[in-house]
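A short worksheet on the structure shown next.
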Number of protein chains: 2
Amino acid sequence: MTRRDRKAQFNRALIELRSLIIHGALPAGERLTETAMAARLDLSRTPLRQAMDRLVDEGLLERIDTGGCRVARFQMDDLIDAIELRGVLEGTAARLAAERGVVPELGEAMKTTLEALDRAVDPDRFDFRAYVTHNEEFHDLLARLAGSDLVAREVARSARLPAASPVAFMQGQELIPDFRVSLGRAQHQHRRIFEAIMAREGARAEALAREHARLARTNLEYVMTEHPNLAERVPGLALVAE
Amino acid sequence: MTRRDRKAQFNRALIELRSLIIHGALPAGERLTETAMAARLDLSRTPLRQAMDRLVDEGLLERIDTGGCRVARFQMDDLIDAIELRGVLEGTAARLAAERGVVPELGEAMKTTLEALDRAVDPDRFDFRAYVTHNEEFHDLLARLAGSDLVAREVARSARLPAASPVAFMQGQELIPDFRVSLGRAQHQHRRIFEAIMAREGARAEALAREHARLARTNLEYVMTEHPNLAERVPGLALVAE
DNA sequence: GAGAGCCTAGCTGTATACAAGAATCTTTCA
DNA sequence: TGAAAGATTCTTGTATACAGCTAGGCTCTC
């Protein structure tokens, strides 16, 4: 709380509206009128409108030609593409970090994070909450490792689509078989990615990071074929048509 | 003019403000106040504010902690990163088109465009304006060739930073030595990229598209080292520090 | 009963009013 | 003379008013 709550209404609108969409409270394809939604969230049209603009940019809302918005309707293909793009961009961040060298303090932070993840996936003291926290840390650090603000920003952007984010399937853990084993494999990949970066092996780092993102696709496809009725437990999957 | 001019004020604000920034009429680092700029462009704060939000998203403006915006200050590195990202994303579009197959009508359109580009770079009837038009067409089609709206959108987005766009250095043609020869080489690359895609050679298509984007970097580095004082003739380069 | 046209209600885009915070300048006190 | 505090002005964030366009329904006519 270092700063005052500037744009308090805007932030509230953004968070609440995004949450409504992601959790499926607003049916995909439904038209949203600014006045009605402003009344529902108890704020004026001005900040709500800004929030809607932002959500259009995030891809959760679509503009209607005649004016106004509706909730975006996703196909499986869209999520697969979103995950693919995240893999590509994280791969680029990894490759550039390898080619250009790692910002020292971020490299140290990465070591610490990886050790924390090692502890979290240790079968003797498995700690799911710690894994979630440090996994997010890993992906955040990876995006910034090459020291390029632009790259970091675009990687973060690619993870904004909820189901494409590296943390998307953490909530649906009970749906994934051998979940603990799968986290262990993911952590093994984290280690290899960092190893490749520090060894200046750009191509390897890029390929590994892409493959790592593929985990999300595997989980997505598993949930949608095996537990389609439970899919709405994973944030963002409620939007997927069929 | 199929549709009415909805959001006329917003569009005007966006275009005029972007133009002011790109052409260096607003010094990098200068703070922009909404009221002053609204008065200058002769519209109200509401659409201007939306336009500023958009330009922040495009990276041309930066938010100030205390509220308000200032013109972004670019380093060479930022432009190099932006070009790198465009290459990566166009490469992904090319790879996915190769892997998944090409949407037939877009493939046909691409053939037509490539033939038009062949004619444009033919030394006997060299046509610069035609080249610019069809080059833009090529990049637009490439982004959409895999049939994924998401991929197309993100590729387009990566070209929004003016100096990173595939058309950035067309305006500065007189600065680039052997400009015609260089366009011929670019067209050769266009042909090879499409060839790889149609042959389903994903890795080759990706690598070629990345290398193609590198042309922009070469031009950028050439102009900045050889003609730094003329750099402002290329849209967007006026913003680069030093 | 169906279709077309008109009217009304509502929504969006834009302008503007208003309040609270930030910055700057001035004034006062040590 | 310098520093601190207060006041004034400017700026942003938010609310709201207004006008033009859209859409949907209702009525009238064939």
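Throughout, a chain's letter reflects where its sequence line sits, starting with A, and its residues are numbered from 1. Predicted, not measured: the structure shown is a model, and the values here were computed from it.
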In terms of side-chain heavy atoms of [X], which of [options] is nearest?
X: Gln9(A); options: dT22(D), dA15(D), dC18(D); value: dA15(D)
X: Thr46(B); options: dA15(C), dG13(C), dT14(D); value: dA15(C)
X: Ser44(A); options: dT14(C), dT12(D), dA15(D); value: dA15(D)
X: Arg45(A); options: dA15(D), dT12(D), dT14(C); value: dT14(C)
X: Arg31(B); options: dT11(D), dA15(D), dT12(C); value: dT11(D)

For [X] and [N], what is the distance between atoms [atom1] and [atom2] respectively, to the nearest whole Å?
X: Gln50(A); N: dG13(D); atom1: CD; atom2: P; value: 8 Å
X: Met37(A); N: dA15(D); atom1: CE; atom2: P; value: 16 Å
X: Met52(A); N: dT12(C); atom1: CE; atom2: C1'; value: 10 Å
X: Leu32(A); N: dC11(C); atom1: CG; atom2: P; value: 12 Å
X: Asp65(A); N: dT12(C); atom1: CG; atom2: P; value: 14 Å
X: Glu34(A); N: dT14(C); atom1: CD; atom2: C1'; value: 12 Å
X: Arg63(A); N: dG13(C); atom1: CZ; atom2: C1'; value: 11 Å
X: Ile64(B); N: dG21(C); atom1: CD1; atom2: C1'; value: 15 Å

Cationic N near anionic O, under 4.0 Å, [X] to [Y]:
X: Glu58(B); Y: Arg18(B); result: yes
X: Arg63(B); Y: Asp53(B); result: yes
X: Arg100(B); Y: Asp81(A); result: yes
X: Arg95(B); Y: Glu84(A); result: yes

Base, sugar-phosphate, or nothing: which does [X] touch, judged by heavy atoms less than 4.0 Å apart?
X: Thr33(A); result: sugar-phosphate
X: Ala8(A); result: sugar-phosphate
X: Leu48(B); result: nothing

> Is any side-chain N or O of Arg6(B) under 3.5 Å from a base N or O of dG20(D), one able to act as donor and the other as acceptor?
Replying inline: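 No.
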> Any donor-acceptor pair under 3.5 Å between the side chain of Thr66(B) and the base of dT11(D)?
Replying inline: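 Such a pair does not exist between side chain and base.
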>> With salt bridge (charged side-chain N to carboxylate O under 4.0 Å, His left out) as the criterion, how do Asp57(B) and Arg160(B) come out once you've worked through the C-alpha distance, each side chain's angles and the decisive distance to 0.1 Å?
In response: CA-CA 10 Å; Asp57(B) 188 68; Arg160(B) 282 216 295 238; 3.2 Å; yes
> Is the distance from OP1 or OP2 of dG13(D) to the nearest side-chain N or O of Arg49(B) less than 4.0 Å?
Replying inline: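 Checking Arg49(B) against dG13(D): at least one side-chain N or O falls below 4.0 Å of OP1 or OP2.
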